[in-house]
Amino acid sequence: MNSLRQIGEPLMKWYQENKRVLPWRDQNNAYYTWVSEIMLQQTRVEAVKPYFQRFMEELPDIEALARCPEEKLLKLWEGLGYYNRVRNMQKAAQEVMEKYGGQLPRNYELLRELKGIGNYTAGAIASIAYEIAVPAVDGNVLRVISRVTENGGDIRKQSVKRQIEEELREVIPREKPGDFNQALMELGAVICVPNGQAKCQLCPIREFCQAHAHGREMDYPKKAAKKPRAVQKKTILVIQDDRSVAIRRRPSRGLLAGLYELPNLDGWLAQEEILKYLRELELEPLRILPIGEAKHVFSHVEWWMRGYQVRVASVEQPLWKELIFVKPEETAEQYAIPSAFDVYANYLKEEKIR
DNA sequence: AACCCGGGGAT
DNA sequence: ATCCCAGGGTT
């Protein structure tokens with residue numbers, strides 16, 4: 001009474017006929033698989049494509065990745081989000097250089113020990129790059145399998161993920177396990193979709209799907225509600241002298257760790273409080289001008305921002321206290337600035353430095 | 001187990 | 001406005 005045991009053949013046939021052409025697919029190169037899988041964590045295929053192309057041109061192999069300066073690494077990841085992914089991948093690359101002579105291990109457990117490689121990614125690399133018959137359970141697979149088997153468990157729970165991994169471990173084919181895993185994900189991405197109505201008419205395994213048999217596709221997967229996001233009010237400063245603008249480096253831990261940002265303060269500050277901050281930095285404000293509000297939504301917090309342009313007397317040293325005074329062109333080339341600041345960073349490009 | 005960590009496209 | 005994406009690390 002295991003409907004999973006029958007999905008293999010029709011699923012693989014469907015995949016062969018319908019699989020998308022992707023830059024990292026059918027490359028027969030474990031590094032390609034690795035980089036793509038890290039980029040694809042919580043990130044859509046279409047978003048990854050341009051980043052993947054550029055990344056592989058700049059860092060074509062594990063050694064290049066291991067040696068890359070952090071600033072350049074973050075610049076290559078700028079805008080993708082979850083920036084620890086790339087730092088962890090570099091740590092893993094350095095470990096691969098030292099322990100494995102620059103070759104990713106052909107072993108699920110050893111892959112799993114590398115920084116940034118969890119159950120899913122270890123399974124993906126092992127099965128896709130090395131034809132090792134292990135499951136690779138991502139959000140797509142959880143959705144597909146919870147529907148096929150009418151599994152009512154909360155798919156966010158570790159126990160449910162483990163259970164589905166075990167069920168798949170018993171049915172995954174010894175031949176082309178990588179295609180099997182990719183077929184399940186592809187099915188989830190284009191047929192058994194996360195948003196909107198599932199396209200069961202087009203599904204190659206609908207006759208083995210318990211949820212479909214009962215007309216209950218949309219009742220799965222079960223998922224506990226997320227808690228609401230916290231709101232943080234912020235005051236963003238575009239501090240400019242006659243030729244440059246101030247940025248600073250964020251702390252090395254926490255949100256947007258190690259990236260650069262426009263100087264900012266917690267809360268919506270009155271002009272007097274902004275002046276106090278500028279005095280602490282020994283900057284001489286010539287004028288302060290409101291430049292509008294903006295909102296940025298992260299996965300777990302919202303920033304409600306109010307921006308001010310602060311014109312200051314000419315600053316002699318580019319490195320001044322906690323600030324770095326840079327020409328706008330330099331930020332584009334060297335400093336990774338998260339998109340939360342886009343509204344105010346764009347303000348710079350509009351040639352308002354006068 | 002609960003929480004933290006980005007950004008954007010689809011509905 | 002909400003969901004969720006080829007998840008993993010930390011506490």
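Residue numbers begin at 1 in each chain, while the letters A, B, ... track the order of the sequences.
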*Please determine, for the side chain of A:K227, which listed nucleotide (B:dG7, C:dT11, B:dC4) has the closest atom?*
B:dC4
*Base B:dA1 paired with A:R162 side chain (donor-acceptor, <3.5 Å)*: no
*For nucleotides C:dC4 and B:dC5, find the distance between their C1' atoms and express it as a whole number of Å.*
15 Å
*Where each residue is assigned the nucleotide of DNA chain B containing its nearest heavy atom, which of A:S299 and A:Q158 is assigned the position nearer the 5′ end?*
A:Q158
_Whether A:K161 contacts B:dA1 is assessed here as follows: a side-chain N or O lying under 4.0 Å from the phosphate OP1 or OP2. Is that the case?_
no
*Length of the line joining A:H296:NE2 and B:dC5:P, which is rounded to integer Å*: 13 Å
*Report which part of the nucleic acid A:V193 touches: base, sugar-phosphate, or nothing (heavy-atom distance under 4.0 Å, all strands).*
nothing
*If we ignore angles and hydrogens, is there a donor and acceptor under 3.5 Å between the side chains of A:Q41 and A:Y120?*
no
_In whole Å, measure the gap between the C1' atoms of B:dG6 and C:dC3 for me._
15 Å
*Selected nucleotide, minimal atom distance to A:N195 side chain, candidates B:dG9, C:dT11, B:dG7*: B:dG9
*Send over the distance from A:R156 CZ to B:dC4 C1', rounded to a whole Å.*
14 Å
*Base, sugar-phosphate alone, or nothing: which one does A:G79 contact when heavy atoms must sit under 4.0 Å apart?*
sugar-phosphate
*Hey, does A:R25 reach any base, or is it just sugar-phosphate, or nothing, if we go heavy atoms under 4.0 Å?*
base
*Would you classify A:R229 as touching base, sugar-phosphate or nothing, given that sugar-phosphate means primed atoms plus P, OP1 and OP2, and contacts are heavy atoms under 4.0 Å?*
nothing
*asked:* Does the plane of the ring in A:F52 sit parallel, tilted or perpendicular to the ring in A:W24? Use 30° and 60° as the thresholds.
replied: perpendicular
_Integer-rounded Å distance: B:dA10 P and A:K199 NZ_ = 11 Å
*Can you tell me the distance, in whole Å, between the CZ atom of A:R85 and the P atom of C:dG7?*
9 Å
_Nearest-angstrom distance from the residue atom OH of A:Y82 to P of B:dG6_ = 8 Å
*Indicate the ring-plane relationship of A:H300 and A:F298, choosing parallel, tilted or perpendicular according to the 30° and 60° boundaries.*
tilted
_Quick check on C:dG8: is either OP1 or OP2 less than 4.0 Å from any side-chain nitrogen or oxygen of A:T121?_
yes
*May I ask you to evaluate whether A:R87 reaches the phosphate of C:dG8, defined as a side-chain N or O under 4.0 Å from OP1 or OP2?*
no
*Verify the contact: side-chain N or O of A:H300 to OP1 or OP2 of B:dC5, cut-off strictly under 4.0 Å; return yes or no.*
yes
*Please determine if a side-chain N or O atom of A:Q41 lies less than 4.0 Å away from the OP1 or OP2 oxygen of C:dG7.*
no
*Counting side-chain heavy atoms from CB outward, which of C:dC5, B:dG9, B:dC5 is closest to A:L255?*
B:dC5
*Can you check the A:M39 CE to B:dG8 P distance for me, whole Å?*
15 Å
*May I ask you to say whether A:E58 pairs ionically with A:R54, meaning some side-chain N is under 4.0 Å from a carboxylate O?*
no
*Output field: ring centroids A:W303/A:F341 closer than 6.0 Å*: yes
*So what's the dot-bracket for DNA chain B: Watson-Crick or G-U pairs under 3.5 Å, [ ] if a pair crosses, | if it pairs off-strand?*
|||||.|||||
*Is NZ or CZ of A:K222 both nearer than 6.0 Å to the six-membered ring centre of A:Y220 and within 45° of the ring axis?*
yes
*Any side-chain N or O of A:N140 less than 4.0 Å from the OP1 or OP2 oxygen of C:dA6?*
yes
*When rounded to the nearest Å, what value does the distance between P atoms of B:dG8 and C:dG9 take?*
24 Å
*How would you label the contact of A:I117 with the nucleic acid (heavy atoms, under 4.0 Å): base, sugar-phosphate, or nothing?*
sugar-phosphate
*Let me know, please, whether A:K115 or A:W24 comes out on the 5' side of the other along DNA chain C by nearest nucleotide.*
A:W24
*Can you tell me the distance, in whole Å, between the CG atom of A:D342 and the P atom of B:dG6?*
15 Å
*Among C:dA6, C:dG9, C:dA1, which nucleotide sits nearest the side chain of A:R20?*
C:dA6
*Starting at the 5' end of DNA chain B, which residue's closest nucleotide do you reach first, A:S159 or A:G196?*
A:S159
_If only side-chain N and O atoms count, and only distance matters, is there a donor-acceptor pair under 3.5 Å linking A:R85 with A:Q42?_
no
*asked:* Considering every strand and a 4.0 Å limit on heavy-atom distances, what is the contact class for A:Y120: base, sugar-phosphate, or nothing?
replied: base
*What distance, rounded to whole Å, do you find between the two P atoms, one in C:dG8 and one in B:dG9?*
24 Å
_When you compare the side chain of A:I38 with that of A:W77, does any pair of heavy atoms fall below 4.5 Å?_
yes
*For A:N119, which contact category applies under a 4.0 Å heavy-atom criterion: base, sugar-phosphate, or nothing?*
sugar-phosphate
*Side-chain donor/acceptor contact of A:T43 with base of B:dG6 under 3.5 Å*: yes
*Pairwise side-chain contact, A:D266 with A:K234, heavy-atom cut-off 4.5 Å (strictly under)*: yes
*Please give, in whole Å, the distance from B:dG7 C1' to A:E261 CD?*
17 Å
*Salt-bridge contact A:K276-A:E273 (side-chain N to carboxylate O under 4.0 Å)*: no
_Base, sugar-phosphate or nothing for A:I125? Non-hydrogen atoms, less than 4.0 Å._
nothing
